[in-house]
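In what follows, a single structure is set out as structure tokens and then discussed.
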Amino acid sequence: MDQQVERKTLTVDEIASYLGVHRDSVYTMVRKKEIPHFKVGARILFRMETIESWMKEQESQNHRIAQ
């Protein structure tokens, strides 16, 4: 009875690919606390749900600034 657990986290490489940026940019954003993340040991992880909310916030902020 194998049950597969759905992953809800992304690695640095996965989030870089998802956002279309270089992995070094992700590390910089993490270091500056510009992107929501958490650590498990030395691994930096991102919750997809949190990243999608963060992206919506970024869009709203940029839209307000542009007005």
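Index from 1, following the sequence. Computation of the quantities below employed the complete heavy-atom set of this structure, encompassing side-chain atoms and omitting hydrogens, waters and symmetry-equivalent molecules.
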Legend entry - Any residue meeting side chain to side chain donor-acceptor pair (under 3.5 Å) with T28, in chain and number order, not counting sequence neighbours: none
Inset, instruction - Please determine if E14 and R7 form a salt bridge, counting it only when a charged side-chain N lies under 4.0 Å from a carboxylate O. - result: yes
Inset, instruction - Considering non-hydrogen atoms only, spot the tightest contact between E34 and W54 and give its length. - result: O-NE1, 3.2 Å
Legend entry - Closest non-hydrogen atom pair, I51 against P36: CD1-O, 3.7 Å
Inset, instruction - Report the hydrophobic cluster partners of V40, with the cluster defined as I, L, V, M, F, W, Y residues connected by side-chain heavy atoms closer than 4.5 angstrom, directly or transitively. - result: F38, L45
Inset, instruction - May I ask you to test the V30-F46 pair for a side-chain heavy-atom distance under 4.5 Å? - result: yes
Legend entry - Gap separating the CZ atom of R47 from the CD atom of E52, nearest 0.5 angstrom: 11.0 Å
Legend entry - Student check: side-chain heavy atoms of M48 and T9 closer than 4.5 Å: no
Legend entry - Inter-residue atom distance T50.OG1 - E57.CD, 0.5 Å rounding: 10.0 Å
Legend entry - Any donor-acceptor pair under 3.5 Å from S17 side chain to D13 backbone: no
Inset, instruction - Could you check if a side-chain atom of I15 sits within less than 4.5 angstrom of a side-chain atom of I44, using non-hydrogen atoms only? - result: no
Legend entry - Atom pair CZ (R31) and CE (M29), whose distance is rounded to the nearest 0.5 Å: 11.5 Å
Inset, instruction - Tell me, with the steps shown, if H22 and Y27 meet side-chain contact (heavy atoms from CB on, under 4.5 Å). - result: CA-CA 9 Å; H22 194 275; Y27 281 118; over 6 Å; no
